[in-house]
Amino acid sequence: MWARGVPYDEFTRLRREAPVAWFPDEGSGFWSVHRYADIVTASRDVATFSSDRGVSFEEPTDEDMAARRTIIDTDPPEHTKLRKIVSGAFSQRAVAVYEHFITELTEQVLDASPASATFDFVDAVAKEVPIRVLARIMGLPAADLDLFIDLGDRLIANTDPEITDVVWGRDDTDAYRRYPFRSPYGKQLWDLGRQVVAGRLAEPGDDLLSRLLLAEVDGDRLSEVDLDNFFSILVVAGNETTRIAIAHGVLAFCQYPDQWDRLRADPGLLETATDEVIRWSCPTHFMRRTAATDTSLGGAGIRAGDKVILWYVSGNRDEEEFSSPDVFDVGRNPNRHLSFGRGGPHLCLGVHVARLEVKVVLAALARRFSRFELAGEPRRIRSNFTNGLKTLPVRVSR
Ligand code: HEM
């Protein structure tokens, strides 16, 4: 079902008929939460809906979790402490200084894109910008860039045999249980991160990683293991997600050219268009929580230990929250979408970086291209977790 596309119609029906439903398949079964309001309630109540068993469908052991826990898999008070240490570096003010170089970098990527009218937008543009932004803010060595892109791809799309030769659930991935996404590529990324972090410890620079090394809250600093894990989550969380938003944005503008005309005619719409692209694309379909105690949500009785899947992709189309949710509207305001999470302490740490990237790319595209049209069928990543596009063939008018 997910290989075909996001099952929006099925979610609409579930929101109406079974807002919080039990699905017995997928290991020990899971609660599936479809309505906007219930998702926000669960996100907010971190004492009941815990992140400490991870945020995916996986069922890791205590040992696995201890080895690979990142900020996203922690609950307060540990989460509060970690978040305090890193949040300054990701504040709107701290991030605003990147605008100039993100613009420069985007222009370079567009200059290097094919001069022909038809090309693959994912390959030429969408995948190039986010990883280079991350590399620059983290001060990664240029020589490692291609490897980073490749590892990031293989990790996220770990259910698509076309992208990774080690498919989760099909191959014996037990040897890699302790690494991100239970994947050998998780181990490679982790090893690379170790080298980079060790280099920064020996010789701090002016980059984000060095600042994180020195950041201190109440006398506490990040440990070396925290830093290694933080490195992995930045690459995993900040690369593919932003790429997906940019690619789906262009796909939406192929499908709704009137919205492209509207945005080009009024650059004042850039901010609302950015959030609409992020709502529409919902790069991360869900986050998982685990019930810490017996509780109820949306009328369903949930038992301590049950897996609870919060479908942000469904909440983003909830007619109770959004007027005409299936309309792509670059002027939508308010737009309290769930693509970055909402209501709880895990709200995407990179929210300001991501918004800035999407906004800068949209502005640069609007300066160059008067029209996007589909030049073939886009190909999706086979995944229920990520809304990734492998290819997006477009024809552009300049
Ligand atoms: C459009 C792009 C992005 C989307 C859609 C996105 C989405 C998300 C989501 C859904 C979460 C979990 C929220 C929750 O549990 O409720 C999250 C957390 C996180 N994101 Fe993003 N993200 C994006 C870009 C980025 C970027 C660019 C970075 C880093 C530079 C980043 C770093 C993180 C981190 C570190 C967390 C964990 C925060 C915590 O647990 O406190 N993300 N993101």
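We count ligands from 1, going down the list as the structure has it; atoms in each ligand are counted the same way.
- Checking C282, A245, C348 against atom 22 (N) of ligand 1, the nearest heavy atom belongs to C348.
- Ranking protein heavy atoms by distance to atom 23 (C) of ligand 1, first place goes to T241 OG1, 3.4 Å.
- Among H337, E357, M287, the residue whose heavy atom lies closest to atom 12 (C) of ligand 1 is M287.
- Distances from ligand 1 to the non-hydrogen atoms of S43 include no value under 4.0 Å.
- Closest heavy-atom approach to atom 4 (C) of ligand 1 within the set Y312, F340, F90, F286: this belongs to F340.
- At least one heavy atom of R289 sits closer than 4.0 Å to an atom of ligand 1.
- Under 3.5 Å, the side chains of D75 and S50 contain a donor-acceptor pair of N or O atoms.
- Summary of contacts: the protein heavy atom closest to atom 27 (C) of ligand 1 is G238 CA, 3.6 Å.
- Ligand 1 has no N or O atom lying under 3.5 Å from any N or O atom of T284, backbone or side chain.
- Remark: minimum distance from atom 38 (C) of ligand 1 to any protein heavy atom is reached at R83 NH1, 3.4 Å.
- For the pair R317 and F11, the cation-pi criterion (under 6.0 Å, within 45° of the ring axis) is not fulfilled.
- Considering both main-chain and side-chain atoms, H79 comes within under 3.5 Å of ligand 1 through a nitrogen or oxygen pair.
- In terms of protein heavy-atom proximity, atom 25 (C) of ligand 1 is closest to A237 O, 3.4 Å.
- For R355, the heavy-atom gap to ligand 1 stays at 4.0 angstrom or more.
- Note that R136 lies outside the cation-pi zone of Y98, set by a 6.0 Å cut-off to the ring centre and a 45° limit from the axis.
- At least one heavy atom of L234 sits closer than 4.0 Å to an atom of ligand 1.
- Side chains of R243 and T241: a donor-acceptor N/O pair is absent below 3.5 angstrom, by distance only.
- Here L134 has side-chain heavy atoms under 4.0 Å from ligand 1, and that is the only part of it that gets that close.
- Residue contact annotation: L310 has no non-hydrogen atom under 4.0 Å from ligand 1.
- Residue S339 places a heavy atom less than 4.0 Å from ligand 1.
- The shortest contact between atom 13 (C) of ligand 1 and any protein heavy atom is with H346 O, 3.3 Å.
- When the heavy-atom distances from atom 36 (C) of ligand 1 to V358, L349, V235 are ranked, the shortest goes to L349.
- Cation-pi geometry between R279 and F322 is met: under 6.0 angstrom from the ring centre, within 45 degrees of the axis.
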